[in-house]
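Only heavy atoms go into these numbers, but all of them, side chains included; no hydrogens, no water, no symmetry mates.
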Amino acid sequence: MESATRITRGTIYRYFENKEDIFCQAVMQYYDSPLNVLFSIEADNHTLQSYWVIKMKQLESAYGYLRNYGILINVLAISHYIEVQAARIMPSFKDMILSHKLLNARYWTKVVKNTPDLINCNSKTTYKSIGQIYHGIYLHRCSTYPQSKLTLPNITFD
């Protein structure tokens, strides 16, 4: 780290207690960053189309950031890898991840409700289930990017 940051060891440990603290701070910084494709973006006043565009920009940004460092793996895989490693060191991290996942699904549901041209005729189909479907489609896009199409999937529910 000293050579990569050009900061002396003493200065590094002035801000961090130990290596575990450095790791924990880095993980928390990543998970609360828009570079994380699992990061929740507020859904207020967004239609499905506008929200999809925002989430795809988030995916492109994360992919570009990793590519600049020579990391050519899918961004969803790296998010899951960090999640698994962090959960081993920080037990409370699991709660934070669960919270992120639930919030993401809730936001997609909210976006579907904000979309006036989405017809929801089937009594068995709920906004929540449609939101979960779009959330799943977005995660699928994250795992197949850049090969996937960037347009909003044409899915109708009736």
- Message: On a heavy-atom basis, which atom in His100 and which in Leu38 lie closest, and how many Å separate them?
- Response: ND1-O, 3.8 Å
- Message: So Val75 and Tyr65, do their side chains get closer than 4.5 Å, heavy atoms only?
- Response: no
- Co-membership, hydrophobic cluster, residues Leu76 and Leu102, 4.5 Å side-chain: no
- Message: Distance alone, cut at 3.5 Å: any donor-acceptor contact between the side chains of Asn36 and Ser79?
- Response: yes
- Is it true that Glu42 and Lys110 make a salt bridge, defined as a side-chain N closer than 4.0 Å to a carboxylate O? yes
- Task: Please test Tyr145 against Glu60 for side chain to side chain contact (heavy atoms under 4.5 Å, CB included), starting from the C-alpha separation and ending with a verdict.
- Result: CA-CA 8 Å; Tyr145 188 83; Glu60 290 170 15; 3.2 Å; yes
- Message: Can you confirm whether or not the ring centre of Tyr51 sits under 6.0 Å from the ring centre of Tyr134?
- Response: no
- Item | Worked verdict on Ile89 versus Gln85 for side chain to side chain contact (heavy atoms under 4.5 Å, CB included) | CA-CA 7 Å; Ile89 294 174; Gln85 296 305 315; over 6 Å; no
- Report yes if the side chains of Arg106 and Leu103 come closer than 4.5 Å at any heavy-atom pair, otherwise no. yes
- Query: Between Lys55 and Val37, which heavy-atom pair has the shortest distance, and what is it?
  - Reply: NZ-O, 3.7 Å
- Answer yes or no: are there more than 12 heavy-atom neighbours, outside Asp44 itself, under 6.0 Å from its atom CG? yes
- Query: Heavy-atom count around Tyr13 OH within 6.0 Å, excluding the residue itself: above 12?
  - Reply: yes
- Message: Measuring from atom CD1 of Ile97 to atom NZ of Lys94, what distance do you get when rounded to the nearest 0.5 angstrom?
- Response: 11.0 Å
- Message: Using every non-hydrogen atom in the two residues, find where Ala87 and Phe93 come nearest and quote the distance to one decimal.
- Response: N-CD2, 4.0 Å
- Could you state whether Leu72 and Leu66 fall into the same hydrophobic cluster, counting links through intermediate Ile, Leu, Val, Met, Phe, Trp or Tyr residues with side-chain heavy atoms under 4.5 angstrom apart? no
- Considering all heavy atoms, the nearest Asn74-Ser143 contact: ND2-O, 3.5 Å
- Hphob cluster co-occupancy, Met96 + Leu98, side-chain heavy atoms under 4.5 angstrom: no
- Item | Val27 reachable from Ile71 in the ILVMFWY side-chain graph, under 4.5 Å edges | yes
- Message: Checking Val112 against Trp108 for the side chain to side chain contact (heavy atoms under 4.5 Å, CB included) test, could you report, in this order, the C-alpha distance in whole Å, the side-chain angles of both residues, the deciding distance, and whether it holds?
- Response: CA-CA 6 Å; Val112 170; Trp108 281 100; 5.7 Å; no
